[in-house]
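Written out below as structure tokens is the structure these notes cover.
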Amino acid sequence: MAVGSAARSDKTEEKAAVNATKNSITEKGRLTDQKLDEHDTYEFGGPWGVLAIMTGFPVLMYYLWICLTFYDGRLVHPKSVEEIQPFFNTMWNHMKQDAYPTPYAFAMYSGLVAFELLVAFIMPGYKQEGLPVPSLGYKTLTYNCNAIACVYTTIATALALHYTNTFRLTEIIDHFGELMTVSMIWGVGVSVGVYFLTIALGMQIRMSGNFIYDLFMGAILNPRIGNVDLKMWLEVRIPWMLLFLISLSGGLRQYEQYGYISPNMAFMILATWLYVNACAKGEECIPQTWDMFHEKWGFLSYCYSVIYMATHHPDTYRFPTVGYVVLYGTLLTAYFIFDTSMAQKSHFKMQQQGTYQPRWTFPQLPWHTIENPTYIQTEHGNRLLTSGWWAFARKPNYSADWVQSLTWGLVVGTATPIPYFYSLFFLAVLTHRCGRDFERCAIKYGKDWERYCAVVPWRFIPGIY
């Protein structure tokens, strides 16, 4: 095991470090990367498993929304065999009447997508070099990180539209069912369209040969239009921006009804702002992730607490003051660990490439960059970080991220169990992804991974798991 420190370097040394990093992958490492870029096993239960996900989750989303909106957050179900048919008829009627994809809903959702794509093209941004991509011969791609400008341009535009009565943001929460259906249509349409375009252009990678599975997992690795990386754009600009706008819409609706925004609703506005702002202000860290240089653009598939609070009086989920102190304190602590752990890992990778430059986007938290980090040098050529939060667990960001998701359910207390679905689902996702990542790392790094696990034995929570 080799343990060392990353040294500071001047501009000349940084350029040399870039070239050294690009050539640091050993021949053994290249062969391993080639193996990892081939399909060798099914994930998510294979074709039948991904088919169940693609069809089952939309149905589940409709069911949970109906329970929240029309049944006071209760998980309704048929109580006898005779009630099964009427039950499904009732569910279908709710969908037809309140979740039909109207032209107005299409205009709202499509308008956001078009606006986000437009500002992504025209806004200036910070240029960040990504990790060497094995499937591109270890070429590095440059990313135009302008999310911070795009996010606040979107917020300013949305507020201007709202306060000039051009488009009231409360329309989002009022037409949520319709927008949910439109988002599903968009997700399916974009995924299918990109899949067939990729096949037509011969740009597919890591294919299994099974249509359903490959559609879910995706066919293309780095889809781009001009200077916009579509995978990163979609990850940051649409889902998290929309989630923040939904929370803001719920808060404005509450203010119009009661003359104030409850601490619970304010919590969700803060929580979703923290997330979208973190993705935007630290966008240059995203190209350093596994998502960008290995994961493909596949099938596109939380805000239930907001929906419940927007349709119920604040007295139904009010906490004592100490409850709010604990809730807000837990969120901010988890966010601090999430933000700084992600930054530490990405900045470490940038340091190894010689591409790290401080960005002073708000907020820059203490301990976001490790001075003289320790690491394990692998035979593959990469280095495994063993400093900062990463000295305590192999996935500290996952633990903090999950705690944030749990607080999004805790914000309504015991008023309804439905908002807790997100944290339960997210726990399953993170556990699966953790096991999958560690399995690939074991293949990629061999004995060096075993040494790393001996140094950092805990996966999520030190001393527990």
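Sequence positions, counted from 1, serve as the residue numbers for this chain.
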Q | Electrostatic pair Arg436-Glu439, nearest N-O below 4.0 angstrom | A | no
Any donor-acceptor N or O pair under 3.5 Å, side chains His347, Thr369:
yes
Trace of the side chain to side chain contact (heavy atoms under 4.5 Å, CB included) decision for Thr416 with Arg74
CA-CA 7 Å; Thr416 171; Arg74 293 177 288 110; over 6 Å; no
Heavy atoms of Ile418 and Leu75 approach each other most closely as CG1-CD2, 3.7 Å
Side-chain heavy-atom pair Met309, Pro314 within 4.5 angstrom cut-off: no
Heavy-atom nearest pair, Pro263 first then Tyr324, reads CB-CE2, 3.5 Å
Report the C-alpha distance between Glu284 and Met350 in whole Å, list the side-chain angles of each, state the deciding distance to 0.1 Å, and finish with yes or no for side chain to side chain contact (heavy atoms under 4.5 Å, CB included).
CA-CA 10 Å; Glu284 77 280 3; Met350 295 178 199; 3.8 Å; yes
Check whether the side chains of Glu178 and Thr102 place a donor and an acceptor atom closer than 3.5 Å, and report yes or no. yes
(message) Using the rule given for side chain to side chain contact (heavy atoms under 4.5 Å, CB included), can you reason through Phe44 versus Phe216, listing the C-alpha separation, both sets of side-chain angles and the distance that settles it, and then say yes or no?
(response) CA-CA 10 Å; Phe44 303 103; Phe216 178 83; 3.9 Å; yes
When rounded to the nearest 0.5 Å, the distance separating CG of Leu117 from CG of Leu112 is 11.0 Å
The side chain to side chain contact (heavy atoms under 4.5 Å, CB included) partners of Phe211 (sequence neighbours excluded) come to Tyr195, Phe196, Leu215
Distance col, row His368:NE2 vs Cys285:SG, nearest 0.5 angstrom, shows 9.5 Å
Q: Report yes or no: is the cationic atom of Lys345 (NZ for Lys, CZ for Arg) closer than 6.0 Å to the six-membered ring centre of Trp390, at no more than 45° off its axis?
A: yes
Next on the checklist: Ignoring hydrogens and geometry beyond distance, is a side-chain donor-acceptor pair present between Thr340 and Trp389 at under 3.5 Å?
Outcome noted: yes
- prompt: Does Arg433 make a cation-pi contact with Tyr398, if we ask for NZ or CZ under 6.0 Å from the ring centre and within 45° of the axis?
  reply: no
| query | Stepwise, does the salt bridge (Lys or Arg N to Asp or Glu O under 4.0 Å) test hold for Glu256 with Arg168? | reply | CA-CA 11 Å; Glu256 289 184 356; Arg168 301 289 290 177; 2.5 Å; yes
- Message: Any donor-acceptor pair under 3.5 Å linking the side-chain atoms of His94 with those of Tyr71?
- Response: yes
Query raised in the report: Looking at His175 versus Tyr109, is the centre-to-centre ring distance below 6.0 Å?
Result: no
What one should report as the nearest heavy-atom pair of Phe319 and Gly413 is CZ-N, 3.5 Å
So Trp240 and Tyr275, would you call those rings parallel, tilted or perpendicular, with 30° and 60° as cut-offs?
parallel
Note to self: Would you say the ring centers of Tyr260 and Tyr255 fall short of 6.0 Å from each other?
What the structure shows: no
| query | Does the separation of the ring centres of Tyr258 and His313 fall below 6.0 angstrom? | reply | yes
Query raised in the report: Do Trp360 and Pro358 come within less than 4.5 Å of each other through their side chains, counting heavy atoms only?
Result: yes
- Query: Under 3.5 Å, is there a donor-acceptor pair between the Asp401 and Tyr335 side chains?
  - Reply: no
(request) Kindly indicate, with the supporting measurements, whether the criterion side-chain hydrogen bond (donor to acceptor under 3.5 Å, both in side chains) is fulfilled by Gln128 and Thr142. (result) CA-CA 6 Å; Gln128 177 62 50; Thr142 300; over 6 Å; no
Residue set satisfying side-chain hydrogen bond (donor to acceptor under 3.5 Å, both in side chains) with Thr164, at least two apart, ordered chain then number -> Thr166
Going by atom types only, do Ser110 and Trp186 share a side-chain donor-acceptor pair under 3.5 Å? yes
Rounding to 0.5 Å, atoms CD1 (Ile155) and SG (Cys150) come to a distance of 11.5 Å
- request: Please tell me if the side chains of Ile172 and Leu169 come closer than 4.5 Å, counting only heavy atoms from C-beta onward.
  value: yes
_Hydrogens and angles aside, do Tyr62 and Thr181 bring a side-chain donor and acceptor to less than 3.5 Å of each other?_
yes
Open item on the list: Quick check against the 3.5 Å criterion: does Ser399 have a side-chain atom that pairs as donor or acceptor with the backbone of Phe460?
Closed with: yes
d(Ile53 CD1, Thr55 OG1) to nearest 0.5 Å is 9.5 Å
### Message
Side chains of Phe121 and Ile225, heavy atoms from C-beta outward: is any pair under 4.5 Å?
### Response
yes
Problem - Short N-O contact, Asp437 and Arg459, less than 4.0 angstrom - result: no
Review point. Is the closest side-chain donor-acceptor distance between Tyr152 and Asn277 under 3.5 Å?
Key: yes
Does any non-hydrogen side-chain atom of Lys231 lie less than 4.5 Å from one of Leu221?
-> yes
Are Trp408 and Tyr422 close enough that their ring centres sit under 6.0 Å apart?
yes
message: Counting C-beta onward and ignoring hydrogens, is there a side-chain heavy-atom pair between Ile370 and Leu385 closer than 4.5 Å?
response: yes
Nearest heavy-atom contact between Ala334 and Ala400 is O-CB, 3.3 Å
Looking at side-chain heavy atoms only, is the closest gap between Trp458 and Arg394 below 4.5 Å?
no
Would you say the rings of Phe57 and Tyr63 are close, in the sense that their centroids are separated by under 6.0 Å?
no
A cation-pi test, strictly: NZ or CZ of Arg440 under 6.0 Å from the centre of the six-membered ring of Tyr445 and no more than 45 degrees from its axis. Yes or no?
no
Hey, mind stepping through Asp72 and Thr311 against side chain to side chain contact (heavy atoms under 4.5 Å, CB included) and telling me if it holds?
-> CA-CA 9 Å; Asp72 200 30; Thr311 54; over 6 Å; no
To the nearest 0.5 Å, atom CH2 of Trp92 lies from atom CD of Gln97 at 11.5 Å
Do the side chains of Arg206 and Asp214 get close enough for a salt bridge, i.e. N-O under 4.0 angstrom? no
Glu83 meets the salt bridge (Lys or Arg N to Asp or Glu O under 4.0 Å) criterion, sequence neighbours left out, with none
Looking only at atom types and distance, does a side-chain atom of Asn146 sit under 3.5 Å from a main-chain N or O of Met123, one as donor and one as acceptor? yes
For Arg237 and Ala120 the tightest heavy-atom approach is NH1-CB, 3.7 Å
So CZ of Phe267 and CD1 of Ile261: to nearest 0.5 Å the spacing works out to 15.0 Å
Run the salt-bridge test on Glu283 and Arg359 with the 4.0 Å N-O cut-off and return the result as yes or no. no
**Request:** Please work out which of the three classes, parallel, tilted or perpendicular, describes the rings of Trp449 and Phe438, given edges at 30° and 60°.
**Result:** tilted
message: Other residues, nucleotides and ligands only: do more than 12 of their heavy atoms fall within 6.0 Å of OH on Tyr100?
response: no
Under 3.5 Å side-chain donor-acceptor pair for Thr154 and Glu116: yes
Requested in this report: Decide whether Asn227 and Tyr143 meet the rule of one side-chain donor and one side-chain acceptor closer than 3.5 Å.
Outcome: no
Heavy atoms of Ala310 and Met265 approach each other most closely as N-CE, 3.8 Å
_Any heavy-atom pair between the side chains of Ile212 and Met217 that's under 4.5 Å?_
no
